[in-house]
There are 2 protein chains.
Amino acid sequence: MAIDFLYFNTYHVAVDCIIFGFDEEGLKLLLCKRSFDPEKGKWSLMGGFLNPEESLDQAAQRVLTRITGLKDIYLEQFDVFSDVSRDPAARVVSAAYYALIKIGDYSNDLIAEFGAKWWPVSQYPELIFDHGQMVEEALVALRLKAKQEPIGFELLPQFFTIRQLRSLYESIYQTQLDPGNFRKKILSMKLLDQLPIKDKENSKRGAYYYEFNQQRYERFKSQGFLFEM
Amino acid sequence: MAIDFLYFNTYHVAVDCIIFGFDEEGLKLLLCKRSFDPEKGKWSLMGGFLNPEESLDQAAQRVLTRITGLKDIYLEQFDVFSDVSRDPAARVVSAAYYALIKIGDYSNDLIAEFGAKWWPVSQYPELIFDHGQMVEEALVALRLKAKQEPIGFELLPQFFTIRQLRSLYESIYQTQLDPGNFRKKILSMKLLDQLPIKDKENSKRGAYYYEFNQQRYERFKSQGFLFEM
DNA sequence: GCAAAAGTGTTGCTTCTACACCCATGG
DNA sequence: CCATGGGTGTAGAAGCAACACTTTTGC
């Protein structure tokens with residue numbers, strides 16, 4: 001029966017990545033300007049074709065490393081796009097991933113090389129093919145994930161203030177959160193370590209920096225602790 | 001640049017379906033015995049290859065209709081499996097779906113034809129390839145989904161008692177739920193219509209049958225109502 | 001009447017929410 | 001000293017979990 005595989009069709013298989021970042025202005029999206037036809041000059045997601053010796057996860061990591069210069073990026077596959085005519089040039093089945101990166105780690109040198117630009121998630125340009133739909137689905141998947149796992153820390157620098165963390169969640173859910181209540185809820189989870197350093201840029205009094213304690217999270221999780229936002 | 005597509009590799013693309021059902025005994029899984037090599041005689045999921053004129057969703061529906069005789073089945077794509085050696089016979093990229101069907105609607109005639117059998121989710125045989133991993137991931141995805149959307153009704157007959165619904169959730173989450181509290185919580189959502197009929201099989205007093213009101217759910221949802229279990 | 005499941009009510013506890021209210025400090 | 005954000009406290013509401021209790025009816 002193995003020979004029967006020959007009778008089945010084969011397809012181009014690709015990955016497309018929605019790259020999320022976060023800064024003072026809010027949640028951002030890294031898009032690039034296509035340098036080739038079709039749709040040259042239009043904005044699109046970062047993507048690439050699957051190589052024979054790699055899995056889709058590996059392909060996505062490869063694409064992201066090439067574009068950002070970073071390794072071991074947080075990645076989640078959230079859907080596969082397979083409409084017959086989604087890419088007018090050829091039949092391409094594309095696995096869609098979202099990636100979370102610390103925006104400060106991203107090398108600006110690479111922006112020029114790929115014609116890349118950070119866009120606010122609430123205001124990004126029209127994208128080619130079904131990439132706009134991918135972005136919207138990625139946002140839904142991100143919002144869902146953020147309620148179940150502390151992924152926020154993938155988007156923040158190693159040291160951050162409670163204000164920054166709150167601002168991130170406000171940006172993800174497009175809502176306002178009560179500063180006092182947010183602080184109490186987050187700190188009650190005991191996943192943050194306070195550092196003896198303060199950020200004095202945003203207030204006279206200064207706000208302590210905190211650090212996410214990954215070990216404690218893993219320990220809690222293995223004991224049945226549930227992160228719920 | 002379009003010509004460059006020719007230089008890229010192509011792959012076999014498939015769908016695999018985890019078919020969930022529910023009866024008095026609990027949550028079940030429909031598996032079939034492979035009638036061809038490799039791995040002939042072993043248990044596997046239902047699957048099939050992608051056809052050129054269809055999307056993956058359509059391929060999954062086609063596979064399910066062939067096997068169950070049903071149309072418009074509830075389907076969710078939850079992951080893509082793409083390890084290089086996951087299928088020893090060929091490189092196959094497979095989109096994994098879970099399906100929810102009303103077990104009573106499933107034609108038993110088709111069981112013989114495909115060598116299919118319902119298995120309890122807590123006790124199913126060893127499966128070929130990475131199908132066991134697919135089942136476990138499907139269960140995680142199902143548990144997550146069941147907290148966000150009232151998918152339970154896809155698994156129950158049109159008319160059901162609160163006891164049946166509770167038993168379904170107990171089966172999905174492998175836990176015991178307080179009958180009184182469960183009833184109050186479910187009814188407080190106002191998504192069920194009580195019918196003037198009782199089930200007298202499971203108690204002397206009899207339990208009212210209820211029906212899920214899809215219209216009311218859609219209306220609530222569009223007004224920002226959140227189903228949360 | 002007894003058993004057993006259906007269905008209702010109650011109570012105490014935890015959590016959430018909307019604030020009020022100090023604290024610290026640069027200007 | 002004042003404006004501003006950091007950080008803490010609190011009272012009322014809401015939700016939840018455990019469990020008592022009442023209803024119904026076949027046996």
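To find a chain, count down the sequence lines: A is the first, B the second, and so on, and within it residues start at 1.
No cation-pi contact links B:Lys145 to B:Tyr98, judged by a cut-off of 6.0 Å to the six-membered ring centre and 45° from its axis.
Protein atom CZ of B:Arg166 is 10 Å distant from nucleotide atom P of C:dA5, rounded to whole Å. The distance from atom CG of B:Asn181 to atom P of C:dA6 is 15 Å, rounded to the nearest whole Å. Across the protein-nucleic acid pair, B:Asp178 atom CG and C:dA6 atom P stand 13 Å apart, rounded to whole Å. Distance, B:Leu165 CG to C:dA5 P: 18 Å, rounded to whole Å. The interatomic distance linking A:Lys204 (NZ) with C:dG26 (C1') rounds to 5 Å, in whole Å. Going from atom CG of B:Asp199 over to atom P of D:dT24 covers 18 Å, rounded to whole Å. Remark: C1' of C:dT8 and NZ of B:Lys185 are 19 Å apart, rounded to the nearest angstrom. Between the P atom of C:dG7 and the CG atom of B:Leu192 lies a distance of 12 Å, rounded to the nearest Å.
Neither side chain, B:Gln77 nor B:Tyr97, offers a donor N or O lying under 3.5 Å from an acceptor on the other.
When distances run from any side-chain atom of A:Ala207 to the nucleotides D:dG7, D:dG5, C:dA5, the shortest one goes to D:dG7.
Listed pair A:Arg183 / D:dT8 meets the phosphate criterion, a side-chain N or O lying under 4.0 Å from OP1 or OP2. Put simply, B:Lys200 has a side-chain N or O that comes within less than 4.0 Å of OP1 or OP2 on D:dG26.
Inter-residue side-chain proximity for A:Leu177 and A:Tyr169 is flagged as met; some heavy-atom pair is nearer than 4.5 Å.
One cannot find a donor-acceptor pair under 3.5 Å joining the base of C:dA4 and the side-chain atoms of B:Asn202. For A:Arg205 against C:dA24, no side-chain N or O and base N or O form a donor-acceptor pair under 3.5 Å.
Ion pairing of B:Asp193 with B:Arg216 is present here, as a side-chain N (NZ or NE/NH1/NH2) and a carboxylate O approach within less than 4.0 Å.
Place A:Ser203 and B:Gly180 on DNA chain D by their nearest nucleotides, and A:Ser203 ends up nearer the 5' end.
Among the atoms of the strands shown, base atoms are found under 4.0 Å from some heavy atom of B:Lys184.
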Which is it for A:Asp199 and A:Tyr208 under the side-chain hydrogen bond (donor to acceptor under 3.5 Å, both in side chains) test, yes or no, and what are the steps along the way?
CA-CA 6 Å; A:Asp199 161 46; A:Tyr208 283 109; over 6 Å; no

